[in-house]
Number of protein chains: 2
Amino acid sequence: MPQTQPRPDAASGPALSGEVVSGSVPYDLIELLFFAYRDFVGGPDLILAEYGFGRAHHRVLHFVLRRPGLTIAELLDILKITKQSLNRVLKELVETGFVEQRTGVQDKRQRHLHATGSGQDLALRLVQLQAKRINEALGHLAPEAAQTVALYLAGLIDPAERHKVLGFLAAPR
Amino acid sequence: MPQTQPRPDAASGPALSGEVVSGSVPYDLIELLFFAYRDFVGGPDLILAEYGFGRAHHRVLHFVLRRPGLTIAELLDILKITKQSLNRVLKELVETGFVEQRTGVQDKRQRHLHATGSGQDLALRLVQLQAKRINEALGHLAPEAAQTVALYLAGLIDPAERHKVLGFLAAPR
DNA sequence: AATTTACGTCAGTGATGTTGACATATCTCA
DNA sequence: TGAGATATGTCAACATCACTGACGTAAATT
């Protein structure tokens, strides 16, 4: 059973520096995030390897499915990688027929990304694996846990990025 | 459902449902884990770069500090990487004087790992950065959120690994 | 004495990221 | 219309961090 450090009390904590006393370091939450993330992406990795793909391909495919018609610039802004890094994996996804690029109508410089049928199949397979893991974890917790976890994870995001990310998540599907 | 817990701050952006129906896909929790993890390790990365280190060094240093006297085999089991991968970063940490290897007393084949003074300084700097981020996230949530999040993250860990990991977390420091 | 264990090391490879420079097509604006 | 900005593509070089496979050494175990 994971133990957590007592929640820092704003009234009695250090007033000036925001300094963290060594006793208030939540080692378990730090390490659980490491272990959880490792195993959470580990499952999809095995499936992706069947196709000769890696995590980078997964991320691209995932967000293309989530936001059909996404442009390169928008995808770069989500993934926070360089266009050269993106281009390598995106090119492979296009060449293997998992993702499709359509030249913009309004702006012909843009490339709008869409998943093909097989792209959707693969993405669905991966996302269902992850959903299963999440739903099993939530199944042992109170109904409001999902909300708590979502708020916690949102709180870990860089403040400068948070609003944009939450806007992305809240946008209609 | 009446809200039994007062929502601390609902005005700072789009709401997160975290809602999960059986069989549905919790896209927000999937993506929040990605964004949260990205930013959570992003801070330390910048500090590590000052020393010419990367994430791999961070992980080694972190667990060495958490379990002084750890052996190579134990560290490999935690990190789930090959000894060749570990050896490269560990060698750098030893050569730069952040980690110390002591030959075992009972079993002279073993190498017990310890952080040096500067190793402790660096590790503390990094862990405080992460603690600050976590404590800020928890600060907006109910006191029992930490426990909920810990249980959730533990639930994401591979079942075969979970017991070992929880044992690690529960061990005395 | 033979075998196993713990660790170290050499060599090659692959995935994913980076910086920097340059090309091309298209859009915008004065 | 012509200049400049923008969106994307590409080439080249490089760094980090992972992998497999093979081999070596010292110490423990049987």
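Letters A, B, ... are given to chains in the order of the sequence lines, protein chains preceding strands, and every chain is numbered from 1.
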Ignoring hydrogens and angles, write down the donor-acceptor pairs under 3.5 Å from the side chains of residues 33-44 of chain A, residues two or more places apart or on other chains.
{"unit_1": "Arg38(A)", "atom_1": "NH1", "unit_2": "Ile78(B)", "atom_2": "O", "d": "2.8"}
{"unit_1": "Asp39(A)", "atom_1": "OD2", "unit_2": "Asp158(B)", "atom_2": "N", "d": "2.8"}

Q. How would you give the extent of chain A contacts on DNA chain C, as first and last nucleotide 5' to 3' within a 4.0 Å heavy-atom cut-off?
A. dT16(C) to dC27(C)
Q: Name all pairs fulfilling the ring-ring contact (aromatic ring centres under 6.0 Å, His included) condition that reach into residues 64-93 of chain A, sequence neighbours left out, sorted by first residue then second.
A: none
Q | Rounded distance in Å - CZ (Arg59(B)) to C1' (dC17(D)) | A | 8 Å
Q: Identify whether any heavy atom of His57(B) sits under 4.0 Å from a base atom; if not, whether one sits that close to sugar-phosphate; answer base, sugar-phosphate or nothing.
A: sugar-phosphate
(Q) Does anything in residues 84-96 of chain A come within less than 4.0 Å of DNA chain D? Heavy atoms only, and list the residues if so. (A) Gln84(A), Asn87(A), Lys91(A)
Q. Counting only non-hydrogen atoms, which of residues 72-80 of chain A are less than 4.0 Å from DNA chain D?
A. Ile72(A), Ala73(A)
Q. Which residues satisfy the side chain to side chain contact (heavy atoms under 4.5 Å, CB included) test with Asp107(B), sequence neighbours excluded?
A. Arg109(B), Gln110(B)
Q: Would you please indicate if the ring centroids of Tyr27(A) and Phe168(B) are separated by under 6.0 Å?
A: no
Side-chain donor/acceptor pairs under 3.5 Å, residues 119-127 of chain B, sequence neighbours excluded:
{"unit_1": "Arg125(B)", "atom_1": "NH1", "unit_2": "Tyr51(B)", "atom_2": "OH", "d": "3.1"}
{"unit_1": "Arg125(B)", "atom_1": "NH2", "unit_2": "Glu50(B)", "atom_2": "OE1", "d": "3.4"}

Q: Keeping to residues at least two apart or across chains, list the salt bridge (charged side-chain N to carboxylate O under 4.0 Å, His left out) pairs with something in residues 145-155 of chain B.
A: none
Q | Charged N-O contact under 4.0 Å between Arg133(A) and Glu136(A) | A | no
Shorter than 3.5 Å, N or O on both sides, protein versus nucleotides 26-29 of chain D: list them out with atom names.
{"unit_1": "dA28(D)", "atom_1": "OP1", "unit_2": "Gln106(B)", "atom_2": "O", "d": "3.4"}
{"unit_1": "dA28(D)", "atom_1": "OP1", "unit_2": "Lys108(B)", "atom_2": "N", "d": "3.1"}

Q | salt bridge (Lys or Arg N to Asp or Glu O under 4.0 Å) against Arg88(A), all qualifying residues, sequence neighbours excluded | A | none
Q) Between His58(B) (NE2) and dC17(D) (C1'), how many Å, whole number? A) 16 Å
Q: Look at the side chain of Thr116(B) and the backbone N and O of Glu100(B), then say whether any donor-acceptor pair between them is shorter than 3.5 Å.
A: no
**Q.** Non-neighbouring partners of Lys108(B) that pass side chain to side chain contact (heavy atoms under 4.5 Å, CB included), sequence neighbours left out
**A.** Thr103(B)
Q: List the atom of Gly54(A), the atom of His57(A), and the distance in Å for their closest heavy-atom pair.
A: N-ND1, 2.9 Å
Q.
Between Gly54(A) and Thr71(B), which residue's closest nucleotide on DNA chain C lies nearer the 5′ terminus?
A. Thr71(B)
Q. Rounded to the Å, how far apart are Leu70(A) CG and dA7(D) P?
A. 14 Å
Q.
Can you tell me if Lys132(A) has over 12 outside heavy atoms packed within less than 6.0 Å of its NZ?
A. no
Q: Determine which pairs satisfy ring-ring contact (aromatic ring centres under 6.0 Å, His included) with at least one residue from residues 109-155 of chain A, sequence neighbours left out, and list them in order.
A: none
